[in-house]
Asks: 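Below are the structure tokens for one structure; questions will follow.
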Amino acid sequence: MSAMTAATTTRPDNPPKPATLAEEGRRLGLRMTLPTQILILFIAVFPLLMQIYISLTDWSPLDGVSWVQAYDSWNGFANFVDLIQDTRLWAALKRTFLVMIVCVPAQFFLALGLAVLFIDNFIGKRLFYSILLTPMMVVPSVAGYMFFMLFQSGGPINGLISGLTGFDVSIAWLSDPNLALIAVMIADVWQWTPLMFLILLAGLIGVPEDQLRAATLLGASWWQRFVTIMLPRIKIVIVIALAIRVVEIFKIFDTLYVMTGGGPGVATETISVYIYKITTQDLTWAYVAAIALFILITLSIVANMGLRRIARRS
Amino acid sequence: MKRSLSFELLRYALILAAVAITLIPIVWMATMAFKPIPEWTASGADLTWWPRQPTLDNFRFIFGQETSELIVALDKTAVRPVISSLLSSIFGTLIAMVCGTAAAYGLSRFNVGGNLPLALVQLRLFPPMAVMIPIMIMWSFLGLVDSWWGLALVYGIVTLPFAFWLMKTFFDEMPREIEEAALVEGCSRFRVFMRITLPVMRAPLASSALFVFILNWSDYLIGLLLTTKEWVTVPVYMASLSSSMTGQLYGAKAALGLIAAVPPVVMGIAIQKYLVRGLTFGALKQ
């Protein structure tokens, strides 16, 4: 469409060419998107159909029959009925949401505070900025191992606490059910506050300078300028930053699994860890497929509602 | 804007505190990699931040130059995992970049492809764990389990949305006049893309490729599920460096962690200004 208008407006003196050019462009465009379309078909559409099929059976890789013959153990919607009664699944979901409602606000406010400090120029800004962004580039499973070491009972965190308080502290962070979840949250905040910081700072720098100066002339205090001009201007940025973190925390696996393996017991078992465990230990793949479908459907509904709302706002 | 001295002091104090917290885990792992075994034990009998007798033993150990019973117990050195990670990440990046760039150009210039962009966002939304069962079945059917090319294929598809969205924002911003001049000269559209567009977009292409490489290199879950023995990746191998026979191999793991962490951090700093766009799918064009 845009290619066609461009072609007709820029070369009106050359009538036969624009039509062929536009047509050539359309054909080339279709051909260029083809590999991606095929990959999506291969990795998203076909697997999804396969997942639906398997979720309606009782198939497991241990059965000795190929998945094509899974209909031998057809059991209708039994997996989905089981899933409603699966207390471990619901506990894992609840835990995932707990991590979400603690970590996302923590990351947001820490990042907003830092971003505010970085709006104007000061000596060392670039260096500090680079250092503060480092955690998000560290491989998550390696970050998991870092925090695994830090939180050992004889590790540096206890060492630091001992040093600061004078008591000889040796808390077994990762083997206490309550503390393990907190340790996991700390690791997530450490790793992903930088991303929020990066996004919010990008938003804040985009706020027009003259509006702020005008407000200053009118006698607005710094806080008033922040609340009445800056925050409303970056509302969409904030929504995007929060949405990204909510989605990502729902998927939390690498860092957490390396730190605690979901334990002690099931104390840090989030939804991905739970699915991973039953996939690799119980091998009840039909049931896993049912859980996965349930999550995919729920997430799509939530996401589509959210996306539509964002689209309407912007 | 002029600020008061107390504000400046407060700012530096807060930023330095944040910097310290940021660096603690990194410094601990980096120094850990150079500590000999007696300088750190799980009981914390000897907690030292700086290695008193720095050693390269940990690196020698994981790369198998140090003969030891432990390495026999582990059955393999870290050489293979490093090669596996490199091969699968590089080829995964190639797949994502070739398909993603082509699709992004097609969509950006000719407006074809329908709801491809949305489909790609959705693909990114779902937990990888929730879509892996059919992939594992397909991969074992196709004989792709425990091979670097099997991993590369999955990596390519998983990171395709990032490559696509990054390149699409770059193509959208590229002035069309450059291409139109060549079209007037009688070049075909495809020739224009190959001879004009791609060379002009060298820097964005390189940044996107680095970005995608970081994502592939960082993966743990997919490697954990799709490799078993021959082609385990660095994170998977690192996590396996503890067993009932050897216990936690803190120093060795830290050395490997350092090797795994350095490339993405260096690349990340190099492409800092593209990180926002990459991670927000270009939703924020700052």
Asks: Using non-hydrogen atoms and a 4.5 Å limit, figure out which bit of B/Tyr12 sits close to chain A: side chain, backbone, both or neither.
Replies: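 The side chain, not the backbone.
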Asks: With sequence neighbours excluded, tell me which residues meet side chain to side chain donor-acceptor pair (under 3.5 Å) with B/Tyr155.
Replies: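 For B/Tyr155 the side chain to side chain donor-acceptor pair (under 3.5 Å) partners, ignoring immediate neighbours, are B/Asp219.
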Asks: Does any backbone or side-chain atom of B/Ala104 lie under 4.5 Å from a heavy atom of chain A? Answer side chain, backbone, both or neither.
Replies: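 It is neither, since no heavy atom gets under 4.5 Å.
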Asks: Where does A/Tyr53 contact chain B at under 4.5 Å (heavy atoms): side chain, backbone, both or neither?
Replies: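 For A/Tyr53, neither part sits under 4.5 Å from chain B.
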Asks: Please flag which part of B/Leu16 lies under 4.5 Å from any non-hydrogen atom of chain A: side chain, backbone, both or neither.
Replies: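 Contact with chain A involves the side chain of B/Leu16 alone.
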Asks: Quick check on B/Leu221 against chain A: is it the side chain, the backbone, both or neither that has a heavy atom closer than 4.5 Å?
Replies: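 Looking at B/Leu221, backbone and side chain both touch chain A.
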Asks: A/Phe147 versus chain B, heavy atoms under 4.5 Å apart: side chain, backbone, both or neither?
Replies: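 Contact with chain B involves the side chain of A/Phe147 alone.
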Asks: Chain B heavy atoms under 4.5 Å from A/Gln191: which part of the residue, side chain, backbone, both or neither?
Replies: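 No part of it gets close to chain B.
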Asks: Name the region of B/Leu153, side chain, backbone, both or neither, that has any atom closer than 4.5 Å to a heavy atom of chain A.
Replies: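 Only the side chain of B/Leu153 comes within 4.5 Å of chain A.
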Asks: Using heavy-atom distances under 4.5 Å, tell me whether A/Ile275 contacts chain B through its side chain, its backbone, both, or neither.
Replies: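 Interface part for A/Ile275: both.
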Asks: Heavy-atom cut-off 4.5 Å, strictly under: side chain, backbone, both or neither for B/Ile95 against chain A?
Replies: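 Only the side chain of B/Ile95 comes within 4.5 Å of chain A.
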Asks: Select one option (side chain, backbone, both, neither) describing which atoms of A/Leu117 are under 4.5 Å from chain B's heavy atoms.
Replies: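 Contact with chain B involves both backbone and side-chain atoms of A/Leu117.
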Asks: Quick check on B/Met29 against chain A: is it the side chain, the backbone, both or neither that has a heavy atom closer than 4.5 Å?
Replies: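 Both parts, backbone and side chain.
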Asks: At a heavy-atom separation under 4.5 Å, does A/Ile40 approach chain B through its side chain, its backbone, both, or neither?
Replies: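 Only the side chain of A/Ile40 comes within 4.5 Å of chain B.
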Asks: Could you list the residues that satisfy side-chain contact (heavy atoms from CB on, under 4.5 Å) with B/Ala252, not counting sequence neighbours?
Replies: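 Expected list: B/Phe61, B/Ile62, B/Leu241, B/Leu249.
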